[in-house]
Each structure stands twice: as C-alpha cells, then as structure tokens.
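Read the structure below first, then the notes.
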Amino acid sequence: MSTDALPQSMVALVDCNNFYASCERVFDPALIGKPIGVLSNNDGCVIARSAELKALNIEMATPAFQVYPLQNRFGIILRSSNYALYGDLSSRVMQVLDSFSPSVERYSIDEAFLDLSGMQDSVSNICQQIACKVPIYTGIPVSVGAAPSKTLAKIASHLAKKQPGRQNVCVFEHADDPELLIWLKSLPIEEIWGIGRRLGQKLRQAGIETALQLRDTDHRWLKRNFNVLVARTALELKGTHCIHVDDAPEPRQNIMCSRSFSKTTNSLAELKEAIRFHCQIACEKLRKQNSLAQAVLVTIRTNGNRFGPQHKEARAYPLPQATDDTALILKYAQEQLELLHQPGLRYQKAGVMLLDLIPHRPMQLGLFQKEQASISEQGQKRRQLMQTMDQLNNKIGKQAVGFGLARKEANWQMKMAHRSPRYTTCWQEIPVVKAK
DNA sequence: CTGGGAAGAT
DNA sequence: ATCTTCC
C-alpha cells in the first residue's frame with residue numbers, strides 16, 4: 001500500500017422518531033396529531049412521548065399519576081407499553097434497512113447503524129431514500145444521520161430530527177465539515193453518546209465542557225486521566241471510526257428477567273410463582289440464542305424507597321452441567337429462592353438471571369452411536385419437550401404452555417391498564433377493517 | 001405511585 | 001461485585 005488515504009468510512013444512524021408513540025399511531029390513525037405518552041412497565045412513568053406531548057412540557061420519566069389529572073384538559077392519551085407490537089414493527093423497520101446496506105447493526109429496538117462505506121450511490125441519496133421509504137413501508141417516521149464515525153452519526157441524527165429544514169436527514173461527509181464543528185462547539189459534553197452524567201461532571205471539572213473541547217483533547221491524557229472509552233469517544237469525534245458497525249453481535253453473555261410486583265408481597269408462594277414465570281421466559285430466550293447456562297442467579301429485594309427492614313440479595317448457583325432445560329434450571333432457582341426468602345419481609349421485586357452462557361452445539365449423533373444416544377436419551381426427550389413448548393408459545397402466544405399456571409391476575413404480572421391491541425402478533429387482536 | 005435489560009470497565 | 005452507561 002502506498003500513502004493512499006484509507007477508504008473513507010461512513011456510518012448512518014437510523015433512529016425511529018418517538019418510536020413507541022409512533023407505533024401506537026400505525027394502527028390507530030385517530031391518534032395522529034394528539035399528545036401521546038407511553039408508560040413504562042407497571043404503568044409507572046412516561047417513557048415515550050409524541051411531539052405534541054413534549055410540547056406540553058411533560059418530561060421523560062414523569063410519573064403516570066402526575067399526568068392523569070392533566071389528561072382531560074389537554075386531551076392526553078396514555079398507553080401501556082405494548083412490546084409485542086413495538087418489537088414487530090421494529091423488525092419491519094430493520095428489514096427495510098437491510099435493503100440499504102449489507103451491514104446493519106440493530107442497536108436498540110428503535111435504532112440501527114448502517115455501514116455505508118464505499119457505496120456506489122451518494123450517501124446523501126441513500127439517507128434520503130431511507131427517510132422516505134421506511135415510513136411508507138412501515139408507518140414509522142425515522143431520522144437519518146450519517147458521518148465518518150458512529151459517535152458523529154449519532155450527532156448528525158440528532159440534528160436531522162431537531163432542525164426543521166433538514167427533513168429528517170443530516171449528512172456530514174467529512175469530520176471537519178465547518179457546520180459540524182460549529183455544532184460540536186455548542187454541544188454540551190454530556191450529550192455525547194457514551195458520556196453520561198457522571199463522566200460529564202468529571203470532564204467539566206477538568207475544564208472540558210463541549211464536544212469540540214473533548215475532540216481536541218490529547219488522546220493519551222484522556223486515557224490516563226479518564227478511561228479508554230472517553231479517549232475513544234474523542235477519536236470518534238475527530239472522525240476516526242473506532243466503534244465498528246457490528247452486524248453479527250455475539251450472543252448474550254447473560255440473560256435477565258425481573259419485574260416489580262404491583263403490590264409488595266411477603267408470600268413465598270407468590271415469589272415462587274414469579275420466579276417460575278421469569279425462569280421460563282429467561283430459558284426461552286436462552287434457547288432462542290442457542291446457548292446453555294452454567295449458573296442461575298435468583299434475586300429478590302424489598303422496596304428501598306420505604307421505611308422498614310430492607311433486604312436485597314442475590315444468590316448465584318452453579319448448575320451441575322451446562323443446560324437449557326427449563327425444568328432443571330427452575331428447580332435450582334426455586335431452591336435458591338427458598339434460601340433467600342425471609343418470612344415477614346415485604347418484597348417488591350424478584351428476578352432470575354442466567355449466567356456464564358456458552359454456545360450450544362448440538363451433537364450430530366451417528367446412526368449407530370448407541371452409547372452416546374442412551375446417555376442423552378433423557379436429554380433428547382427433554383430437548384424435544386422444550387422445543388415443542390417454544391414452538392407452541394411462538395405460535396399461540398406467550399406462555400400458552402409452560403410449567404405451572406400463570407394467572408392473568410397474578411400480583412407479579414404487569415399492570416397494563418391502557419395497552420393497545422397487539423395488532424400484528426396476536427390473532428385475536430388483528431385490526432378489523434370495515435368496508436361499506 | 002418513578003422500568004427493565006444488557007455490556008463493559010475497574 | 002460494583003459502577004456507569006445506554007436505550
């Protein structure tokens with residue numbers, strides 16, 4: 001290689017606008033133009049807002065009970081989280097994005113990074129196409145930001161959304177684009193991707209208050225006085241593509257399922273019911289990503305916001321062998337729960353975590369490998385049972401079959417007073433069209 | 001009356 | 001293990 005410059009890297013971030021609120025509108029157009037808020041699990045607080053709700057100065061994470069009294073006056077519509085719907089619409093959006101680049105990283109339910117390096121078409125063109133096509137195909141409006149690095153693409157997408165004239169697209173072909181520099185100069189340090197509240201404070205103490213300042217701070221100094229991540233972020237701001245688009249992420253290293261009770265409980269039976277539920281969901285996820293767990297951890301905790309005796313503890317238990325068998329994992333989880341549980345305390349939350357996950361490589365048994373076959377005969381049967389359960393649950397609906405009964409009204413079930421229909425994933429709830 | 005899940009650094 | 005960050 002000579003001194004030729006490396007091919008310019010180019011990353012796009014596609015971000016769904018007010019994703020959950022937009023999802024609610026797709027099958028209920030009456031919501032268009034109205035202030036919509038989507039609530040967290042248990043209908044606790046607002047976690048997504050339509051533009052109209054933002055305009056009413058309802059902040060993110062506002063407790064639901066503070067919004068209820070305003071609903072009538074401002075015509076605010078609140079919805080419980082409908083993850084079945086959001087997940088499905090998310091994969092539709094991702095599918096459309098797949099047609100724009102061979103390398104698409106599903107970064108979160110509503111965001112994706114696209115590697116646009118070395119594309120034939122101009123980056124601006126591609127980004128405009130994305131911003132135009134995704135809403136047509138899915139009903140979800142998106143913003144698209146593109147730049148030489150992920151961190152800059154994040155900033156670009158922010159501008160795409162924020163600045164009205166841009167029509168949801170913002171492209172910086174070069175990291176030294178004068179317009180970008182002006183923006184970096186006014187961008188507060190803690191609004192940069194990867195710099196949270198804590199680091200922001202520390203950086204400010206060191207006199208670094210804007211994105212531009214961070215970008216121009218010595219790399220080694222940052223590494224020494226902060227950490228590699230901050231140093232890397234500074235490089236990214238310079239346009240060096242350090243955080244690559246990862247379109248084939250490794251399987252999860254651990255899987256956690258936990259939830260708060262709608263009311264605290266001191267009943268061991270109720271805790272067991274919750275653990276059983278979480279265990280089954282966790283094991284489903286485990287099998288879905290084709291892994292085996294080597295340890296299971298059970299955690300319970302009382303409500304730390306209340307007075308009274310507190311208890312917050314987790315117990316990990318190493319499984320005798322790596323497994324994805326719900327029945328087995330469940331058995332050990334229940335044992336751990338009994339060891340943890342202190343009668344008389346009121347618990348607020350319970351959870352299960354599967355740890356030390358390793359890939360499961362199903363052995364191809366030869367036709368005459370009798371010995372091996374007999375050893376794993378029980379295992380094979382269990383495996384089939386699990387597979388059948390997963391298939392049924394996939395087909396009919398979450399937890400259609402499982403271990404023990406899942407009571408709809410159970411205390412640990414989510415409060416979901418305002419959930420919209422699962423239009424796309426549940427036969428009973430598909431939209432009905434009336435034609436004259 | 002204020003969420004759940006995961007990764008990675010230290 | 002704990003802390004921090006992200007969405």
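All chains are named by letter (A, B, ...) in the order of the sequence lines, taking the proteins before the strands, and each is independently numbered beginning at 1.
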Where each residue is assigned the nucleotide of DNA chain B containing its nearest heavy atom, which of Phe226(A) and Pro251(A) is assigned the position nearer the 5′ end?
Pro251(A)
Please report the interatomic distance CG(Leu199(A)) to CZ(Arg204(A)), rounded to the nearest 0.5 Å.
12.5 Å
Any donor-acceptor pair under 3.5 Å linking the side-chain atoms of Gln280(A) with those of Thr326(A)?
no
Among Lys331(A), Arg315(A), Lys272(A), which residue meets the salt bridge (Lys or Arg N to Asp or Glu O under 4.0 Å) test with Glu338(A)?
Lys272(A)
Atom CZ of Arg106(A) and atom C1' of dA7(B) are separated, to the nearest Å, by 19 Å
Fit a plane to each ring of Trp193(A) and Tyr107(A), take the angle between them on a 0 to 90° scale, and name the class: parallel (under 30°), tilted (30 to 60°) or perpendicular (over 60°).
perpendicular
What's Leu39(A) touching, base or sugar-phosphate or nothing? Going by heavy atoms closer than 4.0 Å.
nothing
Presence of Ser260(A) side-chain N/O under 4.0 Å of dG4(B) phosphate oxygens OP1/OP2:
yes
Base, sugar-phosphate alone, or nothing: which one does Ile109(A) contact when heavy atoms must sit under 4.0 Å apart?
nothing
Taking the minimum atom-to-atom distance to the side chain of Asn227(A), which one of dT10(B), dA7(B), dC7(C) wins?
dT10(B)
Among dC7(C), dA9(B), dT5(C), the one nearest Arg198(A) by side-chain distance
dT5(C)
Closest to the Leu229(A) side chain: dG5(B), dA9(B), dG4(B)?
dA9(B)
Under 4.0 Å, heavy atoms only, any strand: does Ile192(A) hit a base, just the sugar-phosphate, or nothing?
sugar-phosphate
Check every strand shown and say whether Gly351(A) touches a base, only sugar-phosphate, or nothing at a heavy-atom separation below 4.0 Å.
nothing
Is it true that Glu191(A) and Lys154(A) have a side-chain N and a carboxylate O under 4.0 angstrom from each other?
no
Quote, to the nearest angstrom, the P distance that separates dT2(B) from dC7(C).
24 Å
Taking any heavy-atom pair under 4.0 Å as a contact, classify Lys202(A): base, sugar-phosphate, or nothing.
nothing
Listed nucleotide nearest any side-chain atom of Tyr107(A), set dC7(C), dT5(C), dA6(B)
dC7(C)
Rounded distance in Å - CD (Glu105(A)) to C1' (dA7(B))
12 Å
Take the protein atom CG of Asn254(A) and the nucleotide atom P of dT2(C), then report the distance between them rounded to whole Å.
16 Å
Whole-Å distance, Met60(A) CE to dT2(B) P, equals 17 Å
If you check the Asp110(A) side chain, which of dC7(C), dA6(B), dG4(B) turns out closest?
dC7(C)
Whole-Å distance between dT4(C) C1' and Glu190(A) CD?
15 Å
Nearest-Å distance, CD1 (Ile189(A)) to P (dT5(C))?
12 Å
Rounded to whole Å, CZ of Phe261(A) lies from C1' of dG3(B) at a distance of 15 Å
In whole angstrom, give the distance that lies between atom CG of Asp246(A) and atom P of dC6(C).
19 Å
State whether Lys312(A) places a side-chain N or O below 4.0 Å from either non-bridging phosphate oxygen (OP1 or OP2) of dT2(C).
no
Closest to side chain of Gln253(A), choosing from dT2(B), dG8(B), dA6(B):
dG8(B)
For Lys349(A) and for Tyr68(A), find the nucleotide of DNA chain B with the closest heavy atom, then tell me which residue's nucleotide is more 5'.
Tyr68(A)
Closest to the Ser258(A) side chain, choosing from dG5(B), dT10(B), dT2(B)
dG5(B)
Counting side-chain heavy atoms from CB outward, which of dG8(B), dT2(B), dG4(B) is closest to Asn41(A)?
dG4(B)
Determine whether the aromatic ring centres of Trp183(A) and Phe172(A) lie less than 6.0 Å apart.
no
